[in-house]
Each structure stands twice: as structure tokens, then as C-alpha cells.
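Read through the structure below, which is laid out as C-alpha cells, and then see the notes.
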Amino acid sequence: MEVEASFRVVSRIHCQVAPYCNPICNYRTLNLHFPYHHRLPHLSNASFYTLKNCCCKAAAKESSTKAVEKGRKMSADDSHDLKLSSLTALCPLDGRYWAKVKELAFFMSEYGLIRFRVLVEVKWLLKLSQVPEIPEVPSFSKDAETYLQGLIDGFSLDDAMEVKKIEKVTNHDVKAVEYFLKQRCQSHPEIGKVLEFFHFACTSEDINNLAHALMLKEALSMVMLPAMDEVISAISDMAMENAHIPMLSRTHGQPASPTTLGKEMAIFAFRLSWEKQDISKVKILGKFAGAVGNYNAHLAAYPDINWPQVAEEFVTSLGIDFNPYVPQIEPHDYMGKLFHSIIQFNNILVDFDRDIWGYISLGYFKQITKAGEIGSSTMPHKVNPIDFENSEGNLGVANAGLSHLSMKLPISRWQRDLTDSTVLRNMGVGLGHSLLAYRSTLMGIGKLQVNEASLSEELDHTWEVLAEPIQTVMRRYGVPEPYEKLKEVTRGRAVTQESMREFIKNLDIPGDAKMMLLNLTPQTYVGAAAELAKNIKTAINLVNGARFS
């Protein structure tokens, strides 16, 4: 009976609040710890397995032919009537990877969109009450202001579901928010008198563009930029910890002048930091100019008010930069710039992931194993670099989505078309896969253990890399055709410590220069690599301060 009751409850519920893959989500998704939320009912594991076992026992009692036929019928029926869960969600961000990205949902889900729409509508009514030329909306008392602010601060999942119920009737998502607020405020003695000013002179895009701007602003500042900083900090730590460890470079895949492991990590930390700062400095823009950007309705009702000034004051009060020249929509150019910058950050991280993958393959790193984990289902010895592979794959998915957003969103036919509306609902997908990748890279870094012996052994077998410093010193002291002489000795031949030292001893150069070359080894020929790696955090701080002070 408990199973049947639970099954009926789940069958009746149709979830409307989609975190990432709109309109797909799952009930575990809605049970995350949002402020002021209420959990939705769902099947317990015990009920699910009881239901499953009942089906299995019933099938076992039938003949084999009937059981096969029934199994086929059930399979066909179930494929069209699956209940939403972490196992049936179309988007893996809402299923398999939910635990790693769920903090984004508070901002980037449909719940977040509705919550920010409520914020904009309420703040606009408060702004109107502060304009002396609008006597129909007098200044609110502290009690009324507190009540309105409470609608924002206390907005819950139940509230969002109520908005979605209203939307079923209106078939208009923004109008549903307006009606929701009117319902909540109609009994208030002050606010109830000015209900029609909730959406005064607004087109839906006035509300939506600011809601989307706030979604991005908060998601960036609270989740994405801190995650980027974690990655940069982890790679910077790698650079400083391994600043002194010599490593063979490879250009075109061939042995090249030695570097240090730390210096190569410092390069990525510096590049990522540079791009992260560009992301953080993108101005997030908003408009509030009515149906086609001209304040037509505003001026029809109150022709003596400086509406562009009021709009600018309102938009900037939300922490958003004001865009004064717009059609119906905010043209999304800033979004194009923002998403392109995130794509570039992700590209740099792909480069890092692939390099680390290669270094693991070469034996430069060992990976710390965890008891119980399986590397390969058939080869017990393997410890795969799965975290860096997972990161690279998700960065590719993220960049594909963000690329479409950045290319499509700035394009809108005439004063507006609606193609941006459905596309904007996918912002969380690109950000979600990016965040998942950052977390995977961090997980992989945490498992790395430098194999210094392997790095040193490889350098012991590449004495030919000293051809560069030898021929350079020869140039200084006027030895003719130094490059050609070293080319003859090293190219296509086995080069050893003995053969290089024999060549140096026969050089006609000053004694101190000859002694310096004789003491040089592949491990010590690293130039300023160690110092550059040790100074990476100082360099990052100086660049950030110099560019953005």
C-alpha cells in the first residue's frame, strides 16, 4: 500500500523548476539546501526497491514465454513513462554530476530566474515610491518596505512552484510573476493600493534582462570566479613547490633546452590569472527603457519625469551597469564578451590538462591511489589520469555551448525576436560544465606526486641539449661556425657526457669559460626557470594591480 501510494504521488507531480537542462530536472535537484526552500515529495529508496521486487516476483510465477512478452511490454511502456530522477535526467549536470555543481543552481536555475524576476519587480515598485512626481505611489512605511523585502529574502521553492501554477493559466512567465506579487500583496493596507504599479511601463524584457544580468553577476562572483581562483592557486602552488626540479623540455615533441617543472606550471598559472581578470572586469549591462527602448509608455503617463535618469538610477542600484541605447532587449554584447573570455580561460585549462596527461604518460608524475578505486576493468596495474580527461571533455562541452551563446545572443532581428529567450535558459549548462571541469582538474592535481627520479633519468640521456650553450659560448669568443660544428657532432648521433666533454676540451676558448661548460649538465642548464617559478604569485599580483588598479 505504501508503494502504491508513493507511486501515485510521483505520477501526479510534474516538476517545473529546471536547474540546468530546461525543462528537465529531478527531485533530488529540488531537495538541495536553498535558503527558505521546502522539500518536494519523492519515492524513497525502500519504496523503489520494494516496487521493483514485487514486479520481479510476479514475473517469476509466469511461464517463460509470458514473462518474456510481459517484460517486453513493460520495457516499452517504461521507456515512455520514466519518472524524473538523477538516473533519468537528460542532462548529467542534474544527474550524475549534481553534487559537484549544485551551488550554481541557486543562481542559474529556473528557480533562480524567477527569484531574480521577483527581485526586479519589487525593487521597481520601491523605486517608483521614491519618485516625487508619482503621487499615486507614495513613499512606503518601514512596515511596507520590510514586507516587500521579505518577498525577496523569503522567496522559496514553494513560491516558485506557485508562480509556475499561475503560468499554466497565463502562458506567460513574466506575467505570472506579476500576478504572484499582486496576490501576495493585495491584503497589505499600503501595497494593496498600488498593485498595478508592480509592472508599470515595463516590457517583459525589462524584467528579464536584469534578472539574467543578476544571475550571471551572482553566479560569477559567488561560484565561478572563486573556482577559477582555486585552480590558479593550486597550479601556482605546484609551480613554487617544484621550482627547482629540472625537466626536459620538448619543442615539436623533440628534446629541447631543459626547464624546471615549476616554471612550466607557472606559465599556466600566469595565463589563467590574466584571463580570469579579464572575465572579472567584463561590465554586466542592463536596460529598463520599455517596449522598444524609448520610454514611450513612461512618458505617456508622466511626461515631465526624466525617465532615462530614473532608469539609470534603478539599474545601477542593482549593481548592474546601465545601457542607454537599446531596442526592446539589452543587446547581449557583454554576454558575448563574457562567454568568449570564459572560453579562453577554458582553452588554457585544456592545454594544462593535456600537458599534465602527457607528463603522467612520460612518468614525470605518479598518481596517488585510493583504496578500493579501479583504474581499468581488465588491467589491474592501471591508474588512469581520468580527472584530467574528465576536465578536458567537459571543457569541450562547455565551450561548445558558450560559443553558441556568444555568437547567437548579440544577434536579434529588428527591435527583437524571441530566439534569445530559449537560448538564455542554457547559460547554466556552459557554466555548469566549466565548473565541473575546474573541480576535476583540482581533483587530479590533488593526486599528483612528482617522480623526480624519472625526470632526472631522462635528462641523463639527453646530453645533446648542451649543444645550445656550447655553441653560444663559442660565438662569444669568436670560434668560427660554432652552430655547424655542434650540428656535425650531435645531429643523428648518440651523444654522451663523455663525447660532449671531449668536444669542450678541444675548444679554443678562455679557461674559465671552458671550465663552466665542463661543469654544466642537463640538470643544471635551466637558466632562470627556478627563479621565475618561485616568483609566480608576486608576478600575478603585480600584473593584476598594474592592469586594473
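Just so it is clear, the structure is predicted and the values come from calculations on it, not from any experiment.
Side-chain contact between Cys202 and Phe288 is present, with heavy atoms from C-beta onward closer than 4.5 Å. No side-chain heavy atom of Met228 sits under 4.5 Å from any side-chain heavy atom of Val223. No side-chain heavy atom of Leu431 sits under 4.5 Å from any side-chain heavy atom of Phe107. At least one side-chain heavy atom of Ile329 sits under 4.5 Å from a side-chain heavy atom of Ser412. Between Asn323 and Tyr334, every side-chain heavy-atom pair lies at or beyond the 4.5 Å cut-off. When side chains are defined from C-beta on, Glu136 does not count as touching Val194, because their heavy atoms never get closer than 4.5 Å. When side chains are defined from C-beta on, Val177 does not count as touching Phe116, because their heavy atoms never get closer than 4.5 Å. Side-chain contact between Ile114 and Lys164: present, with at least one pair of heavy atoms (C-beta onward) separated by less than 4.5 Å.
A 6.0 Å sphere centred on CG of Leu126 holds more than 12 heavy atoms belonging to other residues, nucleotides or ligands.
The backbone N or O of Phe197 sits nowhere less than 3.5 Å from a side-chain atom of His199 that would complete a donor-acceptor pair. At distances below 3.5 Å, at least one donor-acceptor pair connects side-chain atoms of Glu190 with backbone N or O atoms of Ser141. Using a distance-only test at 3.5 Å, with no hydrogens or angles considered, no donor-acceptor pair links the side chain of Asn296 to the main chain of Val292. Without hydrogens or angle criteria, Ser233 side chain to Glu230 main chain gives no donor-acceptor distance under 3.5 Å. Judged by distance alone, the side chain of Ser403 and the main-chain N or O of Ala400 form no donor-acceptor pair under 3.5 Å. Panel note: side chain Thr441, backbone Ala437; a donor-acceptor pair is recorded below 3.5 Å. The backbone N or O of Gln344 lies less than 3.5 Å from no partner atom in the side chain of Asn347, so there is not a single donor-acceptor pair. Of the possible donor and acceptor atoms, one in the side chain of Asp206 sits under 3.5 Å from a partner among the backbone N and O of Ala289. With hydrogens and angles ignored, the 3.5 Å screen pairs a side-chain donor or acceptor of Ser221 with a backbone N or O of Lys217. Ser273 places no side-chain N or O within donor-acceptor distance of the main-chain N or O of Phe270, the cut-off being under 3.5 Å.
Of the N and O atoms on the side chains of Asp417 and Thr419, at least one donor lies less than 3.5 Å from an acceptor on the other residue. Using modelled atom types, one finds no donor on one side chain facing an acceptor on the other under 3.5 Å when comparing Tyr179 with Glu162. For the residue pair Gln309 / Glu313, a side-chain donor-acceptor distance below 3.5 Å is found, with atom types taken as modelled. In summary, the side chains of Lys193 and Gln186 do not present any donor paired with an acceptor at a separation below 3.5 Å, with no hydrogens or angles considered. Side-chain N/O atoms of Gln130 and Ser139 include no donor and acceptor closer than 3.5 Å.
Nearest heavy atom pair, residue Gly290 against residue Thr203, reads O-CG2, 3.4 Å. Residues Leu216 and Met108 come closest through the heavy atom pair CD2-CE, 4.3 Å. Across every non-hydrogen atom of Pro385 and Gln367, the tightest pair is CA-OE1, 3.4 Å. Taking all atoms of both residues into account, the shortest heavy-atom contact from Ser204 to His172 is OG-CE1, 2.9 Å. Here the closest non-hydrogen pair linking Ser85 and Thr88 is N-OG1, 2.7 Å. Shown here for Phe388 and Ile445, the closest heavy-atom pair between the two residues is CZ-N, 3.5 Å.
Ion pair Lys337/Asp278 not flagged as a salt bridge, since none of the NZ, NE, NH1 or NH2 atoms sits closer than 4.0 Å to an Asp/Glu carboxylate oxygen. Glu103 and Arg439 are joined by a salt bridge, as a carboxylate oxygen and a charged side-chain nitrogen come within less than 4.0 angstrom of each other. Under a 4.0 Å N-O distance rule, the pair Asp420/Lys408 does not qualify as a salt bridge. Using a 4.0 Å cut-off between charged nitrogen and carboxylate oxygen, Lys182 and Glu196 count as a salt-bridge pair.
Of the inter-residue distances, the one linking Leu225 atom CG with Ile279 atom CD1 reads 7.0 Å to the nearest 0.5 angstrom. Between atom NZ of residue Lys123 and atom CD1 of residue Ile207 there is a gap of 13.5 Å, rounded to the nearest 0.5 Å. To the nearest 0.5 Å, atom CG of residue Asn242 and atom CG of residue Asp237 are 10.5 Å apart. Separation of atoms CD1 (Ile540) and CD1 (Ile232) is listed at 6.5 Å; rounding is to 0.5 Å. Atom CG in Leu113 sits 5.0 Å away from atom CE in Met215 (nearest 0.5 Å). Annotation: the span from Asn294 atom CG to Gln415 atom CD amounts to 9.0 Å, rounded to 0.5 Å.
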Just do the side chain to side chain contact (heavy atoms under 4.5 Å, CB included) check on Ile284 and Asp321 with the steps written out, would you? CA-CA 6 Å; Ile284 294 179; Asp321 285 281; 5.8 Å; no

Can you check side chain to side chain contact (heavy atoms under 4.5 Å, CB included) on Val310 and Lys127, steps first, answer last? CA-CA 8 Å; Val310 171; Lys127 176 63 179 177; 4.0 Å; yes

Could you walk me through whether Leu402 and Leu405 satisfy the side chain to side chain contact (heavy atoms under 4.5 Å, CB included) test, starting with their C-alpha distance in whole Å, then the side-chain angles of each, then the deciding distance to 0.1 Å, before giving a yes or no? CA-CA 5 Å; Leu402 293 172; Leu405 289 170; 4.1 Å; yes

Go through the steps for Phe198 and Cys185 under the test side chain to side chain contact (heavy atoms under 4.5 Å, CB included), then give the verdict. CA-CA 10 Å; Phe198 262 119; Cys185 296; 3.7 Å; yes

side-chain hydrogen bond (donor to acceptor under 3.5 Å, both in side chains) between Glu205 and Asn209, worked out: CA-CA 6 Å; Glu205 185 57 21; Asn209 92 96; 5.0 Å; no

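Legend: residues meeting side-chain hydrogen bond (donor to acceptor under 3.5 Å, both in side chains) with Glu389, ordered by chain and number and at least two apart, are Trp357. For Ser440, the side-chain hydrogen bond (donor to acceptor under 3.5 Å, both in side chains) test picks out Asn390, with sequence neighbours left out.
Checked against Met240 for a side-chain contact (heavy atoms from CB on, under 4.5 Å), the options Lys537, Lys534, Met265 give a single hit: Lys537. Checked options Arg425, Arg115, Arg117; the residue passing with Glu110 is Arg425 (criterion: salt bridge (Lys or Arg N to Asp or Glu O under 4.0 Å)).
A perpendicular orientation is assigned to the rings of His298 and Tyr295, their planes being inclined by more than 60° (bins at 30° and 60°). Ring geometry for Trp307 against Trp124 counts as tilted: the plane angle lies between 30° and 60°, on a 0 to 90° scale.
Sorted by first then second residue, the ring-ring contact (aromatic ring centres under 6.0 Å, His included) pairs that include residues 390-440, not counting sequence neighbours, are Phe345-Tyr438.
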